Amino acid sequence: MEILLDENVDNKEDVKALGIQTGDIIAMDPKTVITKSGYIKSRFLDDKLSASILLGIAHAVKEEGWKLNRRLHCFLLYTRK
């Protein structure tokens with residue numbers, strides 16, 4: 001696999017000087033595109049996006065007084081570590 005760094009490096013020592021080591025976790029470009037109709041297409045959109053949408057709706061219902069056309073129950077589950 002070849003990885004392109006957004007830094008000028010010429011050798012392994014230059015890469016190590018940046019603090020990058022073998023085995024480090026990297027994030028690939030998600031290649032985000034917003035279509036003309038408003039859809040967001042991107043890699044890595046998963047439950048994080050869904051959770052943020054639900055939190056945004058909950059905030060709007062409470063703070064902006066949105067009226068929903070049906071009953072909605074929100075449950076927050078978490079575990080302590």
Side-chain angles (χ1 to χ4, degrees):
M1 176 188 282
E2 183 177 314
I3 301 295
L4 176 66
L5 296 177
D6 291 332
E7 292 288 339
N8 294 323
V9 294
D10 294 314
N11 53 46
K12 183 167 61 172
E13 289 74 28
D14 290 347
V15 175
K16 283 189 174 185
L18 293 171
I20 301 170
Q21 300 178 25
T22 301
D24 284 351
I25 296 173
I26 61 169
M28 306 302 272
D29 179 6
K31 300 184 188 235
T32 303
V33 174
I34 301 175
T35 66
K36 289 180 183 179
S37 59
Y39 284 97
I40 300 172
K41 297 165 67 174
S42 183
R43 291 190 211 155
F44 315 124
L45 291 179
D46 53 15
D47 290 340
K48 292 180 284 291
L49 180 62
S50 300
S52 67
I53 290 169
L54 291 172
L55 288 171
I57 290 171
H59 178 79
V61 168
K62 181 178 180 192
E63 300 297 325
E64 298 176 22
W66 282 16
K67 300 295 181 202
L68 303 177
N69 62 0
R70 63 185 58 171
R71 182 177 291 172
L72 177 70
H73 299 277
C74 294
F75 299 95
L76 177 62
L77 302 174
Y78 68 95
T79 59
R80 292 183 188 211
K81 292 184 179 184

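By convention here, the first residue in the shown sequence is residue 1. Fair warning: this is a prediction, and the values are worked out from it, not measured in the lab.
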What residues, two or more places apart in sequence or in another chain, satisfy side-chain hydrogen bond (donor to acceptor under 3.5 Å, both in side chains) together with Ser52?
none
Only counting residues at least two apart or in another chain, list the ones meeting side chain to side chain contact (heavy atoms under 4.5 Å, CB included) with Ile40.
Thr32, Ile34, Leu45
Who pairs with Lys36 by side chain to side chain contact (heavy atoms under 4.5 Å, CB included), at least two apart in sequence or on another chain?
none
Could you list the donor-acceptor pairs under 3.5 angstrom formed between side-chain atoms of residues 54-68 and any protein atom two or more places apart in sequence or on another chain?
unit_1, atom_1, unit_2, atom_2, d
Glu64, OE1, Trp66, NE1, 3.3

Which pairs of donor and acceptor atoms, one on a side chain in residues 10-25, lie under 3.5 Å apart (sequence neighbours left out)?
unit_1, atom_1, unit_2, atom_2, d
Asn11, OD1, Glu13, N, 3.1
Asn11, OD1, Asp14, N, 2.9
Asp14, OD2, Asp10, N, 2.9
Asp24, OD2, Gln21, N, 2.7

